[in-house]
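Quick note: residue numbers are just sequence positions, from 1. These figures come from a predicted structure and were not determined experimentally.
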Amino acid sequence: MTTSDAPDLAGEGERFRALLKAVRELVRCDAAALLRLEDGTLSAVAVDGLSDETLGRRFAVAAHPRFARLLESPAGLRFPPDCDLPDPYDGLVSGQPEILPVHDCMGAPLRLRGALWGLLTLDALEASTFDAVGPARMEALVRLVESGIDAAQTIRDMARRAAQEQALAQAWQSSRVATRELLGTSAAMQQLRREIDTVGASDLTVLLLGETGVGKDLVAQRLHARSRREAQPLVQVNCAALPETLADSELFGHRKGAFTGAIQDRTGKFELADGGTLFLDEVGELPLTVQAKLLRVLQSGELQRPGSDRTLRVDVRVIAATNRDLPAAIAQGRFRADLYHRLSVYPLVVPPLRARGRDVLALAGGFLEENQHRLGARNLRLSPAARTALLAHPWPGNVRELEHAISRAALRAYREHGRAARWVAIEPRHLLLEETAVAALPADTTPAASGMPASLANGATTTTLREATEAFQREWLAACVARHGGNLSQAAAQAGMDRSNFHRLLRKLGIRAQPPG
């Protein structure tokens with residue numbers, strides 16, 4: 001329960017208690033209760049004269065024949081003192097020194113806007129207490145209570161609508177906040193933009209594929225901005241961050257009482273995105289049980305909140321993203337094949353940074369501008385040597401790694417130069433890319449399997465880490481080119497690098513590649 005929800009629930013309880021107080025002023029009794037009916041179970045929403053224990057009980061109608069008789073009666077009834085049906089309130093009347101039975105009991109069904117809502121019950125310890133309460137008086141009591149319940153429900157509906165409108169407004173606002181552009185002029189990015197513009201105007205479900213950190217969230221935002229739903233919310237869900245026990249509730253909502261801790265109705269992300277777009281990031285992390293429900297929504301546009309029998313219809317365009325190999329997950333039984341085919345109506349592959357050539361410099365410029373404002377620095381600039389280092393780095397962490405590297409380098413350079421500097425030059429030493437160069441190489445670069453330089457494998461040392469890293473790269477890459485007979489395309493593929501970046505790195509390290517043949 002959020003802070004904003006608490007006053008509404010507390011206020012509703014006060015209104016119900018005020019109703020019971022008015023009832024007891026009109027009819028002498030030892031106890032009165034309001035019980036709400038939900039899914040065949042009665043729960044006390046307010047009691048007056050009964051112990052607090054009553055509020056924690058849930059009365060299954062099938063197990064309590066007196067309650068069942070009251071619910072079936074058209075206008076209520078009074079049980080005779082010698083009735084042999086067990087009384088649910090025996091021993092629950094408060095203020096008694098010992099457990100005492102109830103001897104006079106009456107009640108009536110309550111209706112809200114034509115539907116059965118629950119019960120009003122009146123109980124007394126003396127058998128003749130309700131002799132003066134005839135049908136007309138009982139009907140007046142029922143009308144009084146039903147009017148109060150109707151007013152409380154109206155207030156509750158207004159509060160719920162206000163909360164939903166606020167949530168929708170927040171979701172819409174978050175989708176309208178200025179976001180980063182998909183920077184870059186490489187062939188890979190131009191192709192991606194064309195694909196986005198092609199599918200964006202449709203309502204087709206899109207599956208974004210790509211490594212971690214390539215910017216799949218930015219692609220989802222551009223798809224939404226190119227759609228007819230652009231003025232509606234873009235609601236984002238990180239499926240990997242959802243605990244398995246709460247994923248169902250987060251996506252589809254729940255009814256009050258659906259599970260322990262569900263103290264109020266909750267609107268799910270699908271309902272919040274109604275009319276707009278739902279972005280399911282890391283969709284491969286969803287539990288199988290939730291995958292089945294997601295499939296149903298994609299197939300029919302219908303969902304059910306946990307704890308509810310009511311079917312809701314939603315109009316939502318789904319964009320999903322994953323860095324997992326979903327066909328492999330299907331083969332392992334961790335992802336549903338039918339859901340995969342529903343999600344991948346239009347698959348889009350977001351290219352890794354190493355395949356985007358000089359885009360790395362455009363991206364770095366954008367990140368430098370952000371850090372310049374954040375730090376209050378004057379003119380953060382990349383030195384020529386820093387540009388060369390950025391172009392040569394393989395970027396296993398993609399755009400996210402670049403962003404973090406630039407942020408760290410900007411802070412180091414700014415502290416080194418100081419606020420008064422006319423410009424702040426970022427050098428390779430600020431980037432510290434050499435420290436991650438070895439980790440960026442393919443995983444099979446072991447001395448035995450991949451040609452690690454013998455000088456390093458045998459424990460030889462060099463003056464600095466940078467020199468050791470360059471020596472490693474020089475010998476490993478030379479061996480890689482030799483293994484492929486001078487075929488640089490094949491060598492670049494094994495190194496996991498774009499060919500143009502691979503060429504630049506060879507030139508930087510002084511490696512002369514002989515053409516094949």
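- The line from CD of E403 to CG of L368 is 11.5 Å long, rounded to the nearest 0.5 Å.
- For the pair L353/V360, a side-chain contact is recorded, criterion being any heavy-atom separation below 4.5 Å from C-beta on.
- A donor atom on one side chain and an acceptor atom on the other are not found under 3.5 Å apart for T41 and R36.
- Take R334 and apply the salt bridge (charged side-chain N to carboxylate O under 4.0 Å, His left out) test, not counting sequence neighbours, and it matches no residue.
- Looking only at distances, a side-chain donor or acceptor of D359 sits under 3.5 Å from a matching main-chain atom of S186.
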Check the pair L207, Y346 against side chain to side chain contact (heavy atoms under 4.5 Å, CB included), reporting the backbone distance first and the verdict last. CA-CA 6 Å; L207 179 62; Y346 200 106; over 6 Å; no
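- Between S407 atom OG and L375 atom CG the span is 8.5 Å, to the nearest 0.5 Å.
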Take T277 and V318 through the test side chain to side chain contact (heavy atoms under 4.5 Å, CB included) and record every step on the way to the result. CA-CA 6 Å; T277 303; V318 172; over 6 Å; no
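- Closest approach of L348 and E195 over heavy atoms only: CD2-CB, 3.2 Å.
- Annotation for G357 and L391: closest pair O-CD2, 4.1 Å, computed over non-hydrogen atoms.
- When all heavy atoms of G284 and F335 are compared, the pair lying nearest together is CA-CE1, 3.9 Å.
- At least one side-chain heavy atom of V399 sits less than 4.5 Å from a side-chain heavy atom of F367.
- The closest donor-acceptor contact from the side chain of Q291 to the backbone of R336 lies under 3.5 Å.
- Put simply, the side chain of R387 gets close to the backbone of L382: a donor and an acceptor are under 3.5 Å apart.
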Go through R356 and T185 one step at a time and tell me if the side chain to side chain donor-acceptor pair (under 3.5 Å) criterion holds. CA-CA 8 Å; R356 295 175 55 181; T185 58; over 6 Å; no
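- By the salt bridge (charged side-chain N to carboxylate O under 4.0 Å, His left out) test, R412 is found to be paired with no residue, residues two or more places apart in sequence or in another chain being considered.
- Looking only at side-chain heavy atoms (C-beta outward), F270 and V237 stay at 4.5 Å or farther from each other.
- Residue R415 places its CZ atom among 12 or fewer non-hydrogen atoms of other residues, nucleotides or ligands, all under 6.0 Å distant.
- Residues R342 and T205 are not in side-chain contact: their nearest non-hydrogen atoms beyond the backbone lie 4.5 Å or more apart.
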Walk me through it: do Q221 and L234 pass the test side chain to side chain contact (heavy atoms under 4.5 Å, CB included)? CA-CA 8 Å; Q221 291 166 14; L234 167 62; 3.8 Å; yes
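- The closest side-chain heavy-atom distance from L223 to L208 is below 4.5 Å.
- Put simply, the side chain of S202 gets close to the backbone of V199: a donor and an acceptor are under 3.5 Å apart.
- The residues R229 and D315 are annotated as salt-bridged, a charged nitrogen and a carboxylate oxygen being separated by less than 4.0 angstrom.
- Checked by atom type and distance alone, the side chain of H430 pairs as donor or acceptor with a backbone atom of E427 at under 3.5 Å.
- Between E285 and R324, at least one side-chain N (NZ, or NE/NH1/NH2) sits under 4.0 Å from a carboxylate O, which counts as a salt bridge.
- A 4.5 Å side-chain heavy-atom check between R381 and I426 finds every atom pair outside the cut-off.
- Rounding to the nearest 0.5 angstrom, the gap separating the CG atom in L343 from the CG atom in L294 is 6.0 Å.
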Between Q191 and R194, is a side chain to side chain donor-acceptor pair (under 3.5 Å) present by the stated rule, with each step listed? CA-CA 5 Å; Q191 175 62 25; R194 286 193 291 270; 2.8 Å; yes
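- Looking only at distances, a side-chain donor or acceptor of S383 sits under 3.5 Å from a matching main-chain atom of A386.
- A distance-only check finds no donor-acceptor pair linking the side chain of R17 to the backbone of A46 [under 3.5 Å].
- Residues V206 and I196 are not in side-chain contact: their nearest non-hydrogen atoms beyond the backbone lie 4.5 Å or more apart.
- Put simply, the side chain of R317 gets close to the backbone of L204: a donor and an acceptor are under 3.5 Å apart.
- Nearest heavy atom pair, residue C239 against residue L280, reads SG-CB, 4.1 Å.
- A donor-acceptor pair is defined here as one N or O able to donate and one able to accept, closer than 3.5 Å; such a pair exists between the side chain of Q372 and the backbone of L380.
- Here the CG atom belonging to L209 is positioned 8.0 Å from the OG atom belonging to S344, to the nearest 0.5 angstrom.
- Taking 4.0 Å as the cut-off between side-chain N and carboxylate O, E211 and R400 do not count as a salt-bridged pair.
- R358 CZ: 12 or fewer foreign heavy atoms inside a 6.0 Å radius.
- Although no hydrogens or angles enter the test, the distance criterion places a donor-acceptor pair under 3.5 Å between the side chain of K216 and the main chain of G210.
- With rounding to the nearest 0.5 angstrom, the CD1 atom of I330 is 6.0 Å from the NE2 atom of H341.
- D281 contributes atom CG, which lies 11.0 Å from atom CG of L278 (distance to the nearest 0.5 angstrom).
- Using a 4.5 Å heavy-atom threshold, the side chains of R354 and P394 count as separate.
- Contact between A321 and F279 at its shortest, heavy atoms only, is CB-CE1, 3.6 Å.
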Residues K269, Q236; criterion side chain to side chain contact (heavy atoms under 4.5 Å, CB included); working and verdict: CA-CA 8 Å; K269 291 297 191 289; Q236 303 189 41; over 6 Å; no
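- If you check the side chains of Q232 and H224, you find no donor sitting under 3.5 Å from an acceptor.
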Test salt bridge (charged side-chain N to carboxylate O under 4.0 Å, His left out) on E369 and R374; report intermediate values, then the result. CA-CA 9 Å; E369 189 68 21; R374 187 180 301 128; over 6 Å; no
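- Under 4.0 Å is where a charged nitrogen must lie from a carboxylate oxygen, and between R313 and D274 no such pair does.
- When every heavy atom of V214 is checked against every heavy atom of P352, the shortest pair comes out as CG1-CA, 3.8 Å.
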